[in-house]
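Throughout, protein chains are lettered first and strands after them, A, B, ... in sequence-line order, and every chain is numbered starting at 1.
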2 protein chains.
Amino acid sequence: MTKHKDNQTEEQILEAAQQVFQAKGMDGARMQEIADKANINKAMLHYYYRSKQLLFEAVFKKAFALLAPQLNAILNDDSALEDKIRSFTHNYISFMMKHPYLPNFIIQELNRNPKFIESLKNNVAFPNISKFKTQVEEEVEKGTIVSVNAEQLFINILSLNVFPFVASPLIKAFTNVDDKAYKAMLEDRKTAVSDFIINAIKK
Amino acid sequence: MTKHKDNQTEEQILEAAQQVFQAKGMDGARMQEIADKANINKAMLHYYYRSKQLLFEAVFKKAFALLAPQLNAILNDDSALEDKIRSFTHNYISFMMKHPYLPNFIIQELNRNPKFIESLKNNVAFPNISKFKTQVEEEVEKGTIVSVNAEQLFINILSLNVFPFVASPLIKAFTNVDDKAYKAMLEDRKTAVSDFIINAIKK
DNA sequence: ATAAGGTTTAACCATTTGGTTAACAAAAGT
DNA sequence: ACTTTTGTTAACCAAATGGTTAAACCTTAT
């Protein structure tokens, strides 16, 4: 119990900031609300993070660092394509059901400030398609899957997995489904999406 | 040239508001910026629309009214399922390439305020899945497509078509693709996506 | 004990922001 | 002609907001 209270406060702030920023975005978030949620004085936010912008960036980078390994699972893992699709879909949906704010937060703030992505490319293990592209091209050549463009396939996989988390209010409304039933549908998607994708590319 | 100048001003405001709201969201938008873009005094915004909230709602409803018919094309049209998937994909991507801000704007603001969807259900021709569901179930019974849940299929179609517009900065970064090449990829998707979907459900 | 260093708080500040007001200009109705 | 209604503007206002400050409070090493 020597001097870890500082670390603890810093963590409290980051935790509270994460909640507020992810729920309301950079522009909608209020420093006072973050301070209240962290049970500290507003000046502490500036003591530890200097400015709203820097606090936001800390939250954003932490969120992105959480997402990146998920994506690298499909882009850089060594297993066979079909296995990867199944495990990625299963794992990604499980993961996002625990962090439902994440994808929307990242997409929204990246749209607000596209330059922001440049700093991420340096700081975090940034997902890259090249290895996945080689693998897809090999499988096409071997004849195990139909001829597909690797980028398009990647976009399709990503779309089918991410979109239901980004657009949930809209989809719920169109399909006349409540929260509970929507969760059940997401649960089904852990296998339904991979079946769908594999069906689409299997010869 | 009698008394349409009023209408003209009102339109200028709505047009400017649309640009600013869609680029920066409700919270990030500034009334002064809208006024400047419309080349009018800030007080005029309140003269015609009373408040930021009401101006925003006018913009939002107009945007949603533009989107809804697109979705009704796949949900309520009478043509055969396969034809619908092909024409929807083609038309939706063409349409969104002309209005790239639209889907992100609607999704973002609906996440910010999910209650908002209730008022839409009354005002606009709100897309509904029921007819589409019947059609899918019939085709499954006839044996022309594999056994799929209609809601899941709808989500898949929507995901594959919408997501690339919502997450473009992210996808561009992962696939190392610039603006021009991304547009070409979207162009390809007009047929690639429908092929993908039909492959996935065809027996 | 006490000096030094980091930590925390209440009060304060400058700027921004949505919104209002009162006067003025332009049509439109009589 | 003149009165009323509608459209437009500059100046103004109160509240909110990100950020600062100066003093108080701990903790710890000397």
Side-chain angles (χ1 to χ4, degrees), chain A residues 1-62 105 108-109 112-113 115-116, chain B residues 1-63 105 108-109 112-113 115-116 119:
Chain A
M1 222 162 270
T2 48
K3 70 155 198 169
H4 63 51
K5 212 197 171 187
D6 18 323
N7 260 326
Q8 192 191 317
T9 308
E10 207 171 327
E11 260 312 308
Q12 274 172 27
I13 294 175
L14 203 62
E15 169 68 25
Q18 185 176 307
Q19 283 178 40
V20 176
F21 278 131
Q22 290 190 2
K24 311 203 168 175
M26 168 68 169
D27 292 325
R30 295 291 158 249
M31 294 297 267
Q32 189 60 59
E33 187 180 352
I34 295 173
D36 291 348
K37 189 154 280 186
N39 278 314
I40 49 143
N41 188 286
K42 182 163 67 87
M44 295 297 282
L45 301 181
H46 294 96
Y47 181 76
Y48 281 104
Y49 292 92
R50 287 194 60 87
S51 71
K52 188 185 184 185
Q53 177 65 25
L54 287 172
L55 176 55
F56 173 80
E57 284 176 20
V59 169
F60 188 89
K61 277 175 186 161
K62 192 183 162 195
F105 172 64
Q108 171 55 22
E109 298 301 330
R112 207 179 50 89
N113 185 6
K115 292 175 214 155
F116 205 50
Chain B
M1 224 164 271
T2 48
K3 72 155 196 169
H4 64 51
K5 212 199 172 187
D6 18 324
N7 260 327
Q8 191 192 318
T9 308
E10 207 170 328
E11 260 312 309
Q12 274 172 27
I13 294 175
L14 204 61
E15 169 67 25
Q18 184 175 306
Q19 284 177 40
V20 176
F21 278 131
Q22 290 190 2
K24 310 203 169 175
M26 169 68 170
D27 293 326
R30 295 290 158 248
M31 294 297 267
Q32 189 59 59
E33 187 180 352
I34 295 172
D36 291 347
K37 189 155 280 186
N39 278 314
I40 48 140
N41 188 286
K42 182 163 67 87
M44 295 298 284
L45 301 181
H46 294 96
Y47 181 77
Y48 281 103
Y49 292 91
R50 287 193 61 85
S51 69
K52 187 186 184 185
Q53 177 64 26
L54 288 172
L55 176 55
F56 173 79
E57 284 175 20
V59 169
F60 189 89
K61 277 174 185 162
K62 192 183 163 196
F105 172 64
Q108 170 56 23
E109 299 302 329
R112 206 179 51 88
N113 184 6
K115 293 174 213 155
F116 205 52
S119 68

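The nearest whole Å value for the distance from the CG atom in B:D36 to the P atom in D:dT9 is 12 Å. Whole-Å rounding puts the B:L45 CG to D:dA10 P distance at 14 Å. We find that NE2 of A:H46 is positioned 15 Å from C1' of C:dA11, with the value rounded to whole Å. The CD-P distance, from A:Q8 to D:dT27, rounds to 13 Å in whole Å. Distance B:M44 CE to D:dG7 P: 8 Å, rounded to the nearest Å. In this structure, the NZ atom of B:K42 is 14 Å from the P atom of D:dC12, given to the nearest Å. Between the P atom of C:dG18 and the CD atom of B:Q32 lies a distance of 9 Å, rounded to the nearest Å. Put simply, NZ on A:K52 is 8 Å from C1' on D:dT17, counting in whole angstrom units.
Residue A:Y47 places none of its side-chain N or O atoms closer than 4.0 Å to OP1 or OP2 of C:dG6. Taking only side-chain nitrogens and oxygens, B:T9 comes nearer than 4.0 Å to OP1 or OP2 of D:dT8. Distances shorter than 4.0 Å separate some side-chain N or O of B:R30 from OP1 or OP2 on C:dG18.
Residue-level contact check: A:A29 touches the backbone only, with heavy atoms under 4.0 Å from sugar-phosphate atoms and none from bases.
Nearest to the side-chain atoms of B:M31 among the listed nucleotides D:dA10, C:dG18, D:dG19 stands C:dG18. In this structure, of C:dG18, C:dT7, D:dT8, it is C:dT7 that holds the atom nearest to the side chain of A:Y48.
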Run the side-chain contact (heavy atoms from CB on, under 4.5 Å) check on B:F21 and B:L55 step by step: do they pass? CA-CA 10 Å; B:F21 278 131; B:L55 176 55; 4.0 Å; yes
Output, in order, the C-alpha distance, side-chain angles, deciding distance and verdict of side-chain contact (heavy atoms from CB on, under 4.5 Å) for A:V20 and A:V59. CA-CA 10 Å; A:V20 176; A:V59 169; over 6 Å; no
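Less than 6.0 angstrom separates the ring centroid of A:F60 from the ring centroid of A:F116.
Side-chain atoms of A:N7 and A:E11 form no donor-acceptor pair, as typed in the model, at a separation below 3.5 Å.
Mapped onto DNA chain D by nearest heavy atom, B:N41 and A:M26 fall at different nucleotides, with B:N41 at the one closer to the 5' end.
Looking at A:E15 and A:K37, no side-chain N of the basic residue comes within less than 4.0 Å of a carboxylate O on the acidic one, giving no salt bridge.
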